[in-house]
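Here the structure comes first, spelled out in structure tokens, and everything after it is commentary.
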Number of protein chains: 2
Amino acid sequence: MNASIQDINGIIHGRLRLGVMAYLSSVNPASFPELQQKTGATNGNLSTHLTKLETAGFIRQEKGYSGKRPQTLVHLTPAGRDAWIEYLGAMRDMLKL
Amino acid sequence: MNASIQDINGIIHGRLRLGVMAYLSSVNPASFPELQQKTGATNGNLSTHLTKLETAGFIRQEKGYSGKRPQTLVHLTPAGRDAWIEYLGAMRDMLKL
DNA sequence: AATTTTAGTTTGTTTTTCAAACTTGTTTGT
DNA sequence: ACAAACAAGTTTGAAAAACAAACTAAAATT
């Protein structure tokens with residue numbers, strides 16, 4: 001296969017989005033504040049990147065309530081999981097891990 | 001250790017620079033055209049990113065000649081190798097590879 | 001001697017990243 | 001009950017990064 005940088009999904013590769021995807025790959029779904037805490041991002045920044053991942057079809061944002069407070073649950077979609085697997089493969093190959 | 005995105009070196013992480021570092025980690029030094037071919041970057045773009053890696057102290061650009069043609073050889077510095085090792089560790093940990 | 005090719009740098013535009021400021025609604029203190 | 005502080009996000013504007021086109025300079029080719 002011998003992956004090179006062209007094979008690395010740029011949407012996933014961004015630092016913050018990579019953190020989100022990595023976390024979602026083991027904790028799915030995860031809440032917005034949970035992701036914020038795990039990534040250390042500001043809420044504004046996280047919001048922007050989630051929108052980007054959502055536009056790419058990798059995650060889904062479910063807006064509901066926890067009690068009376070609004071709560072967004074972020075789900076990894078099947079397409080997102082596929083893309084994640086592929087990303088891992090490409091990185092493993094490229095970095096020779 | 002449990003690495004998160006904060007532990008990932010942003011200079012190295014950029015797509016193109018990552019390709020350069022990965023290549024240099026096994027072929028050191030490498031010529032400018034060789035890197036261009038391997039990464040698929042335009043020469044302008046590659047030049048910019050090499051400058052960035054050089055400023056960070058991760059590579060050294062040796063300007064010499066191959067016969068009469070100018071040839072830039074790009075060397076991974078010891079600091080660059082250290083940073084690379086650390087990057088690999090952080091990624092391995094974060095991606096659970 | 002004109003044209004093409006090689007090797008790179010500089011410059012300007014587009015894209016991306018990021019955080020401050022704002023919005024909307026909730027809880028807490030007095 | 002009313003104001004102040006808090007929580008959960010979104011919008012927006014500024015800074016940084018990525019990228020490719022245009023340029024420079026010298027060598028090889030015709």
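Protein chains get the first letters and strands the later ones, always in sequence-line order, with residue 1 at the start of each.
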Q. Around atom CD of B:Glu86, are there more than 12 heavy atoms of other residues, nucleotides or ligands at under 6.0 Å?
A. no
Round to the nearest Å and state the distance from [X] atom [atom1] to [N] atom [atom2].
| X | N | atom1 | atom2 | result |
| --- | --- | --- | --- | --- |
| B:Leu35 | C:dG8 | CG | P | 10 Å |
| B:His13 | C:dT16 | NE2 | P | 15 Å |
| B:Tyr65 | D:dA27 | OH | C1' | 11 Å |
| B:Gln71 | D:dA27 | CD | P | 15 Å |
| B:Leu46 | C:dT10 | CG | C1' | 15 Å |
| A:Phe32 | D:dT10 | CZ | P | 6 Å |
| B:Asn45 | C:dG12 | CG | C1' | 14 Å |
| A:Gln61 | D:dG9 | CD | P | 9 Å |

Checking contacts here: which listed nucleotide ([options]) is nearest the side-chain heavy atoms of [X]?
| X | options | value |
| --- | --- | --- |
| A:Asn43 | C:dA21, C:dC18, C:dT6 | C:dA21 |
| B:His49 | D:dC19, D:dT10, C:dC18 | D:dC19 |
| B:Arg15 | C:dT17, D:dC19, D:dT10 | D:dC19 |
| A:Thr72 | D:dG9, C:dC18, D:dA28 | D:dG9 |
| B:Lys63 | C:dG8, D:dA18, D:dC19 | C:dG8 |
| A:Pro33 | D:dA18, C:dA7, D:dG9 | D:dG9 |
| B:Lys52 | C:dA19, D:dA20, D:dA17 | D:dA17 |

Q. Taking for each residue the nucleotide of DNA chain C bearing the nearest heavy atom, is the 5' side occupied by A:Thr42 or by B:Ser47?
A. B:Ser47
Q | Most 5' of A:Pro70 and A:Gly14 on DNA chain C, judged by nearest nucleotide | A | A:Gly14
Q: Describe the nucleic acid contact of A:Gln36 in one word from base, sugar-phosphate, nothing, applying a heavy-atom distance below 4.0 Å.
A: nothing
(Q) With a 4.0 Å cutoff (strictly under), does any side-chain N or O of A:Arg17 reach OP1 or OP2 of C:dT17? (A) yes
Q) Going by distance alone, is a donor N or O of one side chain under 3.5 Å from an acceptor N or O of the other, for A:His13 and A:Asn9? A) no
Q) Taking side chain as C-beta onward, heavy atoms only, is B:Trp84 less than 4.5 Å from B:Leu24? A) no
Q: Would you mind reporting whether A:Leu50 and A:Gln61 have side-chain heavy atoms less than 4.5 Å apart?
A: yes
**Q.** Main-chain N/O of B:Phe58 paired to B:Thr77 side chain as donor or acceptor, under 3.5 Å
**A.** yes
